[in-house]
Each structure stands twice: as structure tokens, then as C-alpha cells.
K.L.:
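Let me give you the structure first, and then I'll get to my questions.
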Amino acid sequence: MTEKSSDLKHKLRHLLKLSPEKWEEVSQHVLSAVVPDFRPRVWWYQGINGALLFACKNGAVLPEHPVAYVTKDSGSAVETVMPIQQVDTFLFNLLPKLKQQAMQDWFAPGHTGWAVYWRDPSDPLAQQM
């Protein structure tokens, strides 16, 4: 991230009291040791078998627009992911209220109802589970 912002890079380097050579060494280590967290986050609404799916970038939830609605069949635990543009009118009208509740839960201790969405087939960690 700091490579995109020289001001941030400069501030961070001075905060950590690193010489330019040490900065380069630390940068190379971070690039090899840290995997960016791209996995989406899901917020399960209490009392129904549905959830909002949010995109995530560098570990930060992008709360403005949920990307999908996830439903869980209560009998088999099979989940269906529906792009947010395809939800029915009733659910579409509920989205502002659901999103507001999701954000309240996100900022509450314990992030009630929130989880990393591990069912993404492009996630190599999910394939190991």
C-alpha cells in the first residue's frame, strides 16, 4: 500500500525509524510473508436463513453496497448466493434496513452475525477446509 503513496511510505519509514536500506528489506519481507485478505465477509441476519455478502479489500469490509444475498436451506445447509441485482422487490426494499443493522453489528463488540465467507471456490484457504 505504501508504494502507491510516497507520503505514507515516508511517514511510516520515519515512524519505524528505518533507514532506506532497512525499509527495502522490511518491504521485501512483508511482500513475501503477508497475504492480502480479499475474502468477502458475510453478515447473517438473526432469525432468518439469509445474509448479506460484502466485498473486502485488504481486510477492510466495503460496506456501501452488499454484493450478494446468501440464503441457506434450513434442511440441508446448502447455501445459494444471489447477486444483489437479482433479489426480488420485497428484499430489495429491505436492503437499507438490513445494511444498517449489519453495520451496527460490525461496530459492536464481537461483530455479531459476521464471518469470513469461506465458501468462495477461488480462495485457496477454503479449499483446505
Side-chain angles (χ1 to χ4, degrees):
M1 276 197 296
T2 60
E3 297 307 317
K4 294 179 183 177
S5 170
S6 60
D7 187 44
L8 177 61
K9 176 182 173 179
H10 181 72
K11 287 178 183 178
L12 188 56
R13 189 172 68 79
H14 286 283
L15 176 71
L16 297 173
K17 299 178 181 168
L18 295 172
S19 67
E21 295 79 24
K22 281 291 185 188
W23 173 262
E24 189 59 35
E25 182 182 329
V26 167
S27 296
Q28 292 305 313
H29 172 72
V30 167
L31 287 173
S32 66
V34 177
V35 177
D37 187 358
F38 60 90
R39 292 176 302 243
R41 302 306 196 261
V42 65
W43 173 74
W44 293 99
Y45 186 73
Q46 299 295 323
I48 63 171
N49 291 328
L52 294 179
L53 190 64
F54 292 86
C56 185
K57 182 176 181 181
N58 295 328
V61 172
L62 303 175
E64 290 305 312
H65 304 287
V67 295
Y69 186 74
V70 182
T71 58
K72 189 185 304 186
D73 179 25
S74 57
S76 66
V78 172
E79 295 174 4
T80 305
V81 178
M82 180 185 311
I84 211 72
Q85 299 85 355
Q86 295 178 8
V87 299
D88 62 32
T89 305
F90 178 76
L91 183 56
F92 184 81
N93 290 332
L94 281 178
L95 286 177
K97 181 181 177 184
L98 293 174
K99 189 172 95 170
Q100 179 184 17
Q101 183 64 49
M103 291 300 99
Q104 286 177 352
D105 287 350
W106 176 255
F107 290 107
H111 305 299
T112 304
W114 282 90
V116 173
Y117 195 65
W118 286 95
R119 290 127 195 111
D120 182 351
S122 66
D123 182 355
L125 294 175
Q127 294 169 8
Q128 298 173 13
M129 297 193 75

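The first residue in the sequence is number 1, and the count goes up from there. Because the structure is predicted, anything quoted here is derived from the model rather than measured.
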K.L.:
Would you indicate whether His29, at its atom NE2, is surrounded by more than 12 heavy atoms from other residues, nucleotides or ligands within a distance under 6.0 Å?
P.N.:
no
K.L.:
What distance do Leu16 atom CG and Trp23 atom CH2 have between them, rounded to the nearest 0.5 Å?
P.N.:
6.5 Å
K.L.:
I need the minimum non-hydrogen distance between Pro63 and Met103, along with the two atoms involved.
P.N.:
CB-SD, 3.1 Å
K.L.:
Please give me the minimum heavy-atom distance between Cys56 and Pro40, naming the atom from each residue.
P.N.:
CB-CA, 4.2 Å
K.L.:
Kindly assign one of parallel, tilted or perpendicular to the pair Trp43 and Trp114, based on the angle between their ring planes and the thresholds 30° and 60°.
P.N.:
tilted
K.L.:
Test your reading of the model: is there a side-chain donor-acceptor pair from Arg39 to the backbone of Tyr117, 3.5 Å cut-off?
P.N.:
no
K.L.:
Check Arg41 against Val61 and note the closest heavy-atom contact, atom names and distance.
P.N.:
CG-CG2, 3.5 Å
K.L.:
Considering all heavy atoms of both residues, which atom of Glu64 and which atom of Lys99 are nearest to each other, and what is their separation?
P.N.:
O-NZ, 2.7 Å
K.L.:
Within the 4.5 Å heavy-atom criterion, are Gln46 and Thr112 side-chain neighbours or not?
P.N.:
yes
K.L.:
Against Phe92, only a single residue in Leu94, Asp88, Leu95 fulfils side chain to side chain contact (heavy atoms under 4.5 Å, CB included); can you say which?
P.N.:
Leu95
K.L.:
Answer yes if Leu62 and Leu53 sit in the same cluster of Ile, Leu, Val, Met, Phe, Trp and Tyr residues linked by side chain heavy atoms under 4.5 Å apart, and no otherwise.
P.N.:
no
K.L.:
Spell out, yes or no, whether Leu15 and Val30 are grouped together once hydrophobic residues are joined by side-chain heavy atoms under 4.5 Å, including indirect joins.
P.N.:
yes
K.L.:
What are the two closest heavy atoms between Val87 and Met82, and how far apart are they?
P.N.:
CA-SD, 3.6 Å
K.L.:
Same cluster or not: are Leu52 and Phe107 linked, directly or through other Ile, Leu, Val, Met, Phe, Trp or Tyr residues, by side-chain heavy atoms under 4.5 angstrom apart?
P.N.:
yes
K.L.:
Locate the shortest heavy-atom distance separating Ala51 from Trp44; write the atom from each residue and the value.
P.N.:
CB-CE3, 3.2 Å
K.L.:
Contact between His10 and His14 at the side-chain level, heavy atoms closer than 4.5 Å - yes or no?
P.N.:
yes
K.L.:
Can you find a pair of side-chain heavy atoms, one from Ile84 and one from Val67, that are under 4.5 Å apart?
P.N.:
no
K.L.:
Would one find more than 12 heavy atoms of other residues, nucleotides or ligands at under 6.0 Å from atom NE2 of His65?
P.N.:
no
K.L.:
Rounded to the nearest 0.5 Å, how far does CD of Glu25 lie from CG of Leu18?
P.N.:
9.5 Å
